[in-house]
Amino acid sequence: MTAKSKDREPAPALPVARVCVDVPLPHLDRPFDYLVPAADDAAAQPGVRVKVRFAGQMVNGFLLERVESSAHARLAFLDKVVSPERVLDPEIARLARAVADRYAGNLSDVLRLAVPPRHARVEAQAMPAVPTPEDDPGSAVPAMVSGPVMPDGPGEAVDSAAADEPVSTAVPGAGAVAAVGADDAVSVDVPGAVAAVGADDAVSVDVPGAGVVGADDQVSVDVPDMDAVPAVGAEQAGDGQPGSGGAHPVDAAPVAVEPGRAAHSADAGAAVSSDASGSFAPGWADYPAGPAFLHALADGRPARAVWSALPGEDWPARIAEAAAATVRAGKGVVAVVADARDLERLDRALTKVLGDGRHVALNAAAGPSERYRRFLAASRHRVPVVVGTRAVMFAPVADVGLVVIWDDGDDLHAEPRAPYPHAREVLLTRAQLAGCAALVGGFARTGEGQLLLETGWAKEIVATRGTLRARSPAIAPTGDDPQLARDPGAATARLPSLAWQAARQALQGGAPVLVQVPRRGYLPSVACAECRTPARCPHCSGPLGLAGARSVPTCHWCGRAAAAYACPACGGRRLRASVTGARRTAEELGRAFPGVPVRTSGRDEILDTVPGDAALVVATPGAEPVAEGGYGAVLLLDTWALLTRADLRAAEETMRRWLSAAALARPAPAGGRVVVVADGSLAPVQALLRWDPGWFAARELAERRELGFPPAARMASLTGKAEAVAELLDATHLPPGAEVLGPVPAPDDQERMLVRVSRGRAAELARALHEAAAVRSAKKAALPVRVQVDPAELL
DNA sequence: ATAATAACGAGA
DNA sequence: CTCGTTATTATC
């Protein structure tokens, strides 16, 4: 078996394999060449896992491509092909490289995120092990293929080989979106001839607007967040990046979301087809640009949209319809949601719209074998639609036609493992590279979403004011109202009277009431138990907080203890927590509304749905159950705890949580009300009252532009021991105009520095940081420094 | 981790 | 100048 190198013969054709080895060192972040033993010629296809001897030890790796020769003189043989399963799709290999570049990370790190660990038994069970000609990405046209599409279901699905036979003729590559189909040109007739990973130049030629996707051009690959595109009235187009300006898809690609009609000229009778798409997805007709978008998807055109969902919107159904339209065009879909609950809803909606076996849902909850099984179902092109939590952003599908992210403001979309990519950015990069459609949806809109609109990369899908009026609940603010203490019912439940009335009315009408309270321990501050005046520090007027149940109140700002606190308003000496956990709120509310069932949904126990009967539902943000028929009232409590957080995104996050909760209320005509306990003059409150996430996002983005914060600028954070961070910064060729901020103390005796550049310099910065990290890791003394581009936590 | 290679220094 | 030993550096 283990024949000596000398005894082995290299494969006759394309004897060199370029391999990405699984080592996390930045200076080794490039392909290494190995000889393919003749015996492994058939199995050693691009995308397979291999084992190689690297620096004296055996390491895993991915075979990226087969080539004729190597610049390197003496090559070692591949030790073995782990499995002929081609788990790394060429499209994903390109995407992973782009993501690594964007985030100053290693390809191997990204591949660890992109390809789940192998599970040999699953691989063997589910399929013939040897790749057949049908596996050629060029001829696998799964979406429209009739015949059995085998779900690798929970049971021991044994697939017949017949399931793989393509029934229809090869369509991909037709039309503008030829990025993936470009592989056809080098089809697998010649074993090993698939040069897809290196084939960038060939691809970029035919694809309108994809000229920007040149392989080694770092800057252009980073386009999806439009570093090279001028924001409206702001930064100028990519400094010194010839070719990226005019060739940008914004100019070239048909973004078919013109309100009320399909924008593409190829679209004869746009009005008619609009109606047609409206009829297969009537829900989208509530948005003027909706039918055109769906129509574009059904035509396989790369429309890109930022969608502000209407309150009460059945968003899983809308996404399912968009997916179905894309499948109708013979293309694949990748959709990412934040958590398991959202995934379950989307999963159900897709089953309803597409039927069984046309999609897989993937999340971390499934064990490794189930996860790999479903990954294989996608990878083997058994299903055209893959949905899941953030890991599926890298899921392979045949000829991807649409990527979707729902609620992109949710922090769960940020990957916590190096190089910390964000699902939205990954998916947009993917849409860019593949030339496919993209849908960024949510009740709220992020600064990033707004930027996509302002740069023209995507078009807006929003309802008219009229539709909004008909669908929105009645929303009113109420300050911390002085009447409070005099309202006997409210006082016990610390509800302002307006909130109390709204709840009572809804309950009397037999409708459920949602009460949103911040998570426990969020910012436990205290107030006077008598008059509710917030307890403030006698020295600096900062907010007092209670660390433990029976501890001394301590100032959040100056840290001084206030043992002998007396309320300046009423002289009271007793304090109480002014931010209470969901459970305690539930108990208090139960007392205020005797006889009404109270249910809680939070961290430990999350409810998916509640029946449409009178009940109080107390939930923490993100855990709000959907009520059958909608809530009669939604109360947003203790809002200052959200609004006063020091986080850069505090206001945006607050807005997102409010909109998500308020969206679960009935429309005003059906009696739905929302009461937000906050000052009506605050911008997020204003935006909520008018249900105008777009206005708020524009305002937020303008502010960040002014302050030089992301996404208006690009930031990177460097965390580690002071000397290590300094060393890294020293080795970095910072782009012109880069600002270095800090240091800020970080946990474990470390510190953190921030580097800021304009968006036009973002790619340059990432490259510089990666190179500097490579220099450091090459002379291995290096204490670790964590490099994060777009860090989730800023300030 | 380890193998190739550069650098170095002692002795002919 | 050569050989043997040790530091360095690249890792196919």
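All values derive from a computational prediction rather than experimental measurement. FYI, side chains are in, hydrogens and waters are out, and symmetry mates aren't considered; it's all heavy atoms of this structure. Here is how names work: the chains are called A, B, and so on, in the same order as the sequence lines, proteins then strands, and each is numbered from 1.
- Every residue two or more places apart in sequence or in another chain was checked for a side-chain hydrogen bond (donor to acceptor under 3.5 Å, both in side chains) with A:R49, and none qualifies.
- Among residues two or more places apart in sequence or in another chain, the side-chain contact (heavy atoms from CB on, under 4.5 Å) test is passed with A:A423 by A:V336, A:R390, A:M393, A:I405, A:H413.
- With sequence neighbours excluded, no residue forms a salt bridge (Lys or Arg N to Asp or Glu O under 4.0 Å) with A:R371.
- Near-neighbour residues of DNA chain B inside residues 48-63 of chain A, defined by a heavy atom below 4.0 Å, number-ordered: A:R53, A:A55, A:G56, A:Q57.
- Partners of A:R756 under the salt bridge (Lys or Arg N to Asp or Glu O under 4.0 Å) rule, at least two apart in sequence or in another chain, are A:E739.
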Distance-only criterion, 3.5 Å: show the donor-acceptor pairs between side-chain atoms of residues 719-736 of chain A and protein atoms not counting sequence neighbours.
{"from": "A:K721", "atom 1": "NZ", "to": "A:D748", "atom 2": "O", "distance (Å)": "3.3"}
{"from": "A:E727", "atom 1": "OE2", "to": "A:R776", "atom 2": "NH1", "distance (Å)": "2.6"}
{"from": "A:T732", "atom 1": "OG1", "to": "A:L728", "atom 2": "O", "distance (Å)": "2.6"}

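- Looking at residues two or more places apart in sequence or on another chain, you find no side-chain contact (heavy atoms from CB on, under 4.5 Å) involving A:P368.
- For A:S369, there are no side-chain hydrogen bond (donor to acceptor under 3.5 Å, both in side chains) partners at least two apart in sequence or on another chain.
- Contacts between chain A and DNA chain C, taken as any atom within less than 4.0 angstrom of a protein heavy atom, begin and end at C:dA10 to C:dC12.
- Taking each heavy atom of A:V99 and A:P421 in turn, the nearest pair found is CG1-CB, 3.8 Å.
- Residues that satisfy the salt bridge (Lys or Arg N to Asp or Glu O under 4.0 Å) test with A:R112, not counting sequence neighbours, are A:D22, A:D109.
- Along DNA chain B, the stretch of nucleotides lying under 4.0 Å from any heavy atom of chain A spans, 5' to 3', B:dA1 to B:dA3.
- Among residue pairs with one or both ends in residues 31-61 of chain A, those qualifying as ring-ring contact (aromatic ring centres under 6.0 Å, His included) are A:F32-A:F54; sequence neighbours excluded.
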